Asks: 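Before I ask anything, let me first share the structure, which is written out below as structure tokens.
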Amino acid sequence: MRQIVPVPCGRFAPSPTGPLHFGSLVAALGSYLEAKARGGKWLVRIEDVDRPRCRQEYADSILATLAAFGFEWDGEVMYQSRRTARYREVLETLQRQGAVYPCGCTRAELATAPPGVDGAPVYPGTCRGGLPAGKQARAWRLRVSGAIDFVDLVQGPQHQDLAREVGDCVLLRADGLFAYQLAVVVDDADQGVDHVVRGADLIHSTARQIFLQRLLGFPTPQHAHLPVAVDATGAKLSKQTRAAPVEARDPVVSLIAAARFLGMTPPADLCRATSADFWSWARENWDLARVPKRITAPVPTPDNPHRHNA
Ligand code: GLU
């Protein structure tokens, strides 16, 4: 009998809250090269589940920049904003399991709770045993317990005590929108993603995502969390802090800077090459084992593309 071997599958999952900036280019490049090195597919998913923060024009501009840079994705782009029915179905499964509960607490009531690993308050458990008298259900929370261990392919062994370090997290928000934590787990499973390569700012979310995967009987992908790009003040580059968009006029310069950031050593003459030359060099030379855990120097600017190596 012939065994069916699943095709490896990676993805890049930007939130369209701004144009593609250097930090997201790094995530796109790392996830793309790793998927290709595994002989796999590479998907693009637009994570616009948090609708008030997302704009279609940013999704269009991110996709146009990826295409202009020579990234080739497989299949149709998935949009989280079109997947509400599926998220609802999965939430109903969790409700039947008693794995989630309604919560009536307001943001103001939680403001004094001590922060967890990701800076958000650890839920004190007010509604865990049932809605207290006088409270109305606003959101649905995941009942977390125990510890999760996993080995990150870049950051090494990880351990998180969910109740203490994160707490019961929201899966359906008070404004009726599903939370990233639920959407990402459902989408990765539905799309057959078997390895997740993304920025290390998301590493604190991974344990609760593994917890959810186990509850739902979904496979857990392998994880590789890439170093996070910081600006001159040491803050993470993000679309919310209005990080400069990548320089679309000269893709090779930006791609080379992203490759260096990921521990690659492009030859000096590559910056005068075409993007086709860049891609064949990058695919031949990609090595996840050479990606540094973190980078403390500010990312290169368009006028000084090699600055972080100084
Ligand atoms: N949408 C997230 C972001 O843009 C990435 C989520 C993920 O890769 O799991 O930061």
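Scope of the values below: all heavy atoms of this structure, side chains included, with no hydrogens, waters or symmetry mates. We count ligands from 1, going down the list as the structure has it; atoms in each ligand are counted the same way. Keep in mind that what you see is a predicted model, and the values were worked out from it rather than measured.
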Asks: Both conditions, 6.0 Å and 45 degrees, for the charged tip of Arg208 above the ring of Phe211: are they met here?
Replies: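 Here Arg208 fails the 6.0 Å and 45° test against Phe211.
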
Asks: Give a yes or no on whether the ring-centroid distance for Trp279 and Phe71 is below 6.0 angstrom.
Replies: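 Yes, they do, as the ring centres are separated by less than 6.0 Å.
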
Asks: Quick check, are the ring centers of Phe261 and Phe22 under 6.0 angstrom apart?
Replies: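 Yes: the rings meet the under 6.0 Å criterion.
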
Asks: What are the atoms of ligand 1, with element, lying closer than 4.0 Å to any heavy atom of Glu47?
Replies: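 Numbered from 1, ligand 1 contributes 1 (N), 2 (C), 5 (C), 6 (C).
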
Asks: I'd like to check which ligand 1 atoms, numbered from 1 as shown, lie under 4.0 Å from a non-hydrogen atom of Arg11.
Replies: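 Those atoms are 7 (C), 8 (O), 9 (O).
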
Asks: Which ligand 1 atoms are under 4.0 Å away from a heavy-atom of Arg198?
Replies: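 Answer, ordered by atom number: 7 (C), 8 (O), 9 (O).
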
Asks: With heavy atoms of Val184 as the reference, note each atom of ligand 1 found under 4.0 Å away.
Replies: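 Checking each atom against Val184, I get 9 (O).
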
Asks: So Ser81 and Arg51, do their side chains get closer than 4.5 Å, heavy atoms only?
Replies: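 With C-beta onward as the side chain, the pair touches.
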
Asks: Does only the side chain of Leu202 get under 4.0 Å from ligand 1, or the backbone, or both, or neither? Count heavy atoms.
Replies: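 The answer is the side chain.
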
Asks: Do Arg128 and Tyr101 form a cation-pi contact, if we require the NZ or CZ to be under 6.0 Å from the six-membered ring centre and within 45 degrees of the ring's axis?
Replies: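 The answer is no; the distance or angle limit is not met.
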
Asks: Test of understanding: given a 4.0 Å heavy-atom threshold, classify the contact between Tyr180 and ligand 1 as side chain, backbone, both, or neither.
Replies: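 Answer for Tyr180: side chain.
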
Asks: What part of Pro14, side chain from CB on, backbone N/CA/C/O, both or neither, has a heavy atom under 4.0 Å from ligand 1?
Replies: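 The backbone, only.
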
Asks: With sequence neighbours left out, write down each residue that passes ring-ring contact (aromatic ring centres under 6.0 Å, His included) with His223, or none if nothing qualifies.
Replies: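 Here the qualifying residues are Phe150, His225.
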
